[in-house]
Amino acid sequence: MRKITLFDTCSDTKRIFEPLEAGKVSMYVCGVTVYDLTHIGHARVYIVFDVFRRFMRHLGYEVTYVRNHTDVDDKIIKRAAEKGQEPLALAEHFIGEFDRDMATLGVAAADVEPKVSDHIAPIVAMVETLIERGFAYESEGDVYFRVERFEEYGKLSGRKLVDMEAGRSGRVDDDEPSKKEHPFDFALWKSAKGDELSWPSPWGAGRPGWHIECSAMATQYLGPRFDIHGGGRDLIFPHHENEIAQSEAATGCTPFSNYWMHIGMVNVGEVSEDGARIERKMSKSLGNFWTTRDVLKGYHAEAVRYFMFTSNYRNPVTYSMENLEEASQRVEYLYTSLARIDETLARAGFGPGNPPPAAGWAEDRGALVEGFSERFDAALADDLNTCRALAAIGELARAINELTQSKKKPSAEAAHTLFAMRQRLTAAGGVLGILEKPPAAALLELRDLRVDVLGLDAALIEQKVADREAARAAKDWAGADALRDELSAMNIEIMDSPEGTTWRVISN
RNA sequence: GGCGGCGUAGCCAAGCGGUAAGGCAUGGGCCUGCAAAGCCUUGAUCACCGGUUCGAAUCCGGUCGCCGCCUCCA
């Protein structure tokens, strides 16, 4: 089985991935707090891990993927109160919305998707263990983790408690008298105020703190130690740091997770007050977010996925219409390449389900075709280098388009080569979760989406295209060109070919 | 204030010590009734300064700029 390397946040190095159990991968990825729709920053994280899972399965690993839903949380309670709803009902609603968005994006469900509200007992048990072991203490109905007791606290984020204390002066409110022994102690259990959502516990009615849920659920489904833990970069501290502390303190097993993968933020370009162009992280609190749903109204899901692959998953990316548009055009290009194979093969009576007989490689393309899969796999095996994988795909597509320049019946070698290229390209696409649809259908989806966005009248366009074809048949070039100008004004571009005229929507 | 990251052609972006992937845009060409699509072709010494090395975009030190985390965050 191919070895891969992963950049591990905890050791701050790229390491060869060695699973705890040969051939198997156990991974836990933090889900979202379900109090609102997901935005494109969330989408990035789940798309990346979706590709990671697809790739590992492609290599032959057996993957167990756990991704939670945080359905008990202050923000959910607050939002529910504003809306006059039950918190868990509100959460359930947004879990449904999350699932819908992910399904549209082609992100498959995780193998286990635990919810906090279903795991109160194991959470309480873990908190009790932490108290027994001296790593936690009760204080007025709350329970806190004693960070100073955990010697390795800070090992993930590379911070030291003393540094953090030094740096926090003036930046954190110290107004209220603390119930905590140390300012960085964090809540494992929070006592309920009034009649808000709560569960009984040895410390009175309350609910879990933010971090303990992941420790309890990851441990329950994957054991005290597992291979990979992931999430957005912004979870490194304090969330994942605290998870490590709680989990390792409670189970006594180290390390909690062997590898930590963190996905870079999605930024949004903005203009600051003094007119400078800046970039900032997309987030709910800054109010500068694009919901996944809104983005998908304007761009095809595969374009969104492609966009996520154009930069290293660890680096920040800038969300912009230009970037999405470019990604969209690349997806269209790739599907067009596949469609051209189908058209060319069809001329010789072959097709996806009717392969041409084996023959030699056309025009010295053997090395490219045979080397493609290796290049593609090697790229992804190198810490999921999707950029390099995309470069390989682009070069294969260009070769496809060279071979399909001719509108004649393909030679036996060309047919065989194109068929092989098609197989390689769609196989690679399957790993990335793109190019899996019949090309003609996908191209129509891409086109219809744009027709929709621009509010165009497809029937009218078809009519004008037909009129133009008639004019061309009559060699009325002036009339044909006039119609093309009319279409062009509507952002419609037409392509004449031996098979007839097709059209596409361009954006500007 | 503390910790971390980034700065590569007009733009996006790989690169992890051996002489700069890929994409978009631009100019030229092929194809086309003319176009479009597609194909061919066209361009960088890697923020700046200094150092290590036979050799650095890649390592070390410093400067400048940008970003993230330190509070809820994917």
Side-chain angles (χ1 to χ4, degrees), chain A residues 9 12-14 29-33 38-46 48-49 73-75 78 154 157-160 162-173 184 210 230-239 241 262-267 276-286 306-307 310-312 314-318 320 322-323 325-327 329-330 332-333 336-337 340 375 379 382-383 385-395 397-407 472 475 477-478 480-481 484-485 488 492-497 501-504 506:
Chain A
T9 309
D12 199 32
T13 56
K14 200 188 270 187
V29 173
C30 289
V32 296
T33 299
T38 62
H39 64 232
I40 203 71
H42 300 123
R44 183 185 195 193
V45 173
Y46 305 113
V48 169
F49 283 108
D73 171 89
D74 290 357
K75 287 196 292 292
K78 181 164 174 277
S157 54
R159 300 154 197 252
K160 295 185 175 67
V162 284
D163 290 344
M164 289 193 283
E165 283 185 80
R168 68 192 281 279
S169 56
R171 303 185 64 81
V172 180
D173 267 345
F184 281 91
W210 174 35
R233 278 206 94 72
D234 52 355
L235 294 184
I236 294 174
F237 190 89
H239 187 58
E241 192 70 63
H262 289 102
I263 315 302
M265 299 292 99
V266 173
N267 293 157
R277 281 171 50 181
I278 57 166
E279 270 183 27
R280 283 200 303 172
K281 166 186 163 184
M282 177 181 296
S283 81
K284 289 282 174 60
S285 48
L286 290 173
Y306 191 100
F307 164 65
T310 58
S311 61
N312 183 290
R314 286 186 277 122
N315 296 149
V317 291
T318 306
S320 72
E322 291 73 26
N323 290 159
E325 186 55 44
E326 188 176 322
Q329 284 179 20
R330 288 301 288 171
E332 184 177 343
Y333 169 78
T336 301
S337 304
R340 285 167 61 124
R375 272 186 76 195
D382 180 12
D383 192 33
N385 193 323
T386 50
C387 304
R388 261 166 57 202
L390 248 31
I393 282 181
E395 286 171 8
R398 199 193 319 138
I400 288 170
N401 285 307
E402 282 173 41
L403 272 180
T404 52
Q405 286 280 69
S406 163
K407 296 305 170 197
R472 289 184 73 226
K475 296 207 187 297
W477 306 128
D481 290 351
R484 181 168 59 199
D485 288 344
S488 177
I492 301 303
E493 198 166 75
I494 48 186
M495 286 104 71
D496 296 325
S497 82
T501 297
T502 55
W503 57 277
R504 64 198 281 261
I506 56 168

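Per chain, numbering begins at 1; letters A, B, ... match sequence-line order.
Residue A/Ala480 places its side chain closer to B/G33 than to any other of B/G33, B/A21, B/G5. Which of B/G33, B/G38, B/A74 sits closest to the side chain of A/Tyr333 comes down to B/G38. The A/Leu235 side chain lies nearest to B/A74 when the options are B/A21, B/A74, B/G33. Minimum atom distance to the side chain of A/Arg330 is reached by B/G23, of the listed B/A74, B/A36, B/G23. Residue A/Gln405 has its side chain nearest to B/G38 when only B/C69, B/G38, B/C34 are considered. You'll find that the side chain of A/Met495 is closest to B/A36, out of B/A36, B/A35, B/G38. Here B/A74 is the nucleotide among B/C70, B/A21, B/A74 with the atom lying nearest to any side-chain atom of A/Met265. Side-chain atoms of A/Met282 lie closest to B/A74 of the nucleotides B/A37, B/C3, B/A74.
Side chain A/Arg159 to base B/G4: no donor-acceptor pair is found below 3.5 Å. Side-chain atoms of A/Lys14 come within donor-acceptor range of the base of B/C16, with a qualifying N/O pair under 3.5 Å. Side-chain N/O atoms of A/Asp234 and base N/O atoms of B/C70 include no donor-acceptor pair closer than 3.5 Å.
In terms of position along RNA chain B, the nucleotide closest to A/Ser157 lies nearer the 5' end than the nucleotide closest to the other residue of the pair A/Arg375 and A/Ser157.
Scanning for ring pair (Phe, Tyr, Trp, His ring centres under 6.0 Å) contacts around A/Phe307 gives an empty result, with sequence neighbours left out. Residues satisfying the salt bridge (charged side-chain N to carboxylate O under 4.0 Å, His left out) test with A/Arg388, not counting sequence neighbours, are A/Asp382. Partners of A/Asp234 by side chain to side chain contact (heavy atoms under 4.5 Å, CB included), not counting sequence neighbours, listed by chain and number: A/Met265, A/Lys281. For the salt bridge (charged side-chain N to carboxylate O under 4.0 Å, His left out) test, no residue two or more places apart in sequence or in another chain qualifies with A/Glu322. Looking at residues two or more places apart in sequence or on another chain, you find no salt bridge (charged side-chain N to carboxylate O under 4.0 Å, His left out) involving A/Arg398. Remark: A/Arg504 pairs with A/Glu332, A/Glu493 by the salt bridge (charged side-chain N to carboxylate O under 4.0 Å, His left out) rule, at least two apart or across chains. Listed by chain and residue number, A/His240 satisfy the ring pair (Phe, Tyr, Trp, His ring centres under 6.0 Å) test with A/His262 (two or more places apart in sequence, or in another chain).
The shortest distance between the side-chain N/O atoms of A/Lys284 and the OP1/OP2 oxygens of B/A74 is not below 4.0 Å.
Rounded to whole Å, atom P of B/A36 lies 11 Å from atom CG of A/Asp496. Atom-to-atom, CG of A/Asp382 to C1' of B/A21 comes out at 13 Å; the value is rounded to the nearest Å. The interatomic distance linking A/Ile236 (CD1) with B/U71 (P) rounds to 15 Å, in whole Å.
B/C16 makes up no base pair with any nucleotide shown, lacking Watson-Crick or G-U wobble contacts both under 3.5 Å. Of all nucleotides present, none satisfies the Watson-Crick or G-U wobble test against B/U26 with each distance under 3.5 Å. Across all strands shown, B/C48 pairs with B/G62; the Watson-Crick or G-U wobble distances both stay below 3.5 Å. Summarising the base pairing, B/A56 is matched to no nucleotide, lacking a Watson-Crick or G-U wobble pair whose two defining distances lie under 3.5 Å. Nucleotide B/G1 is matched to B/C70 when pairs are restricted to Watson-Crick or G-U wobble geometry with both distances under 3.5 angstrom.
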Close N or O pairs between protein and nucleotides 10-14 of chain B (under 3.5 Å):
unit_1 : atom_1 : unit_2   : atom_2 : d
B/A14  : OP1    : A/Asn312 : N      : 2.7
B/A14  : OP1    : A/Asn315 : OD1    : 3.4
B/A14  : O3'    : A/Asn385 : ND2    : 3.1

List every contact pair, protein side and nucleotides 40-44 of chain B side both N or O, where the distance is under 3.5 Å.
unit_1 : atom_1 : unit_2   : atom_2 : d
B/C40  : OP1    : A/Glu402 : OE2    : 2.8

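Using a 4.0 Å heavy-atom cutoff across all strands shown, A/His39 reaches at least one base atom of the nucleic acid. Across all strands shown, A/Glu395 has heavy atoms under 4.0 Å from sugar-phosphate atoms exclusively, and none from any base. Using a 4.0 Å heavy-atom criterion, one finds that A/Arg44 contacts no nucleic acid atom at all. Contacts of A/Asn401 with the nucleic acid, taken as non-hydrogen atoms under 4.0 Å apart, involve only primed sugar atoms and P, OP1 or OP2. Within 4.0 Å (heavy atoms only), A/Gly154 reaches no atom of the nucleic acid at all.
Distance check on atom P: B/A57 versus B/G18 gives 11 Å, rounded to whole Å. The C1' atoms of B/C49 and B/A25 are separated by 33 Å, rounded to the nearest whole Å. Between B/U32 and B/A47, the distance separating the two P atoms is 46 Å to the nearest Å.
Checked by atom type and distance alone, the side chain of A/Ser337 pairs as donor or acceptor with a backbone atom of A/Tyr333 at under 3.5 Å.
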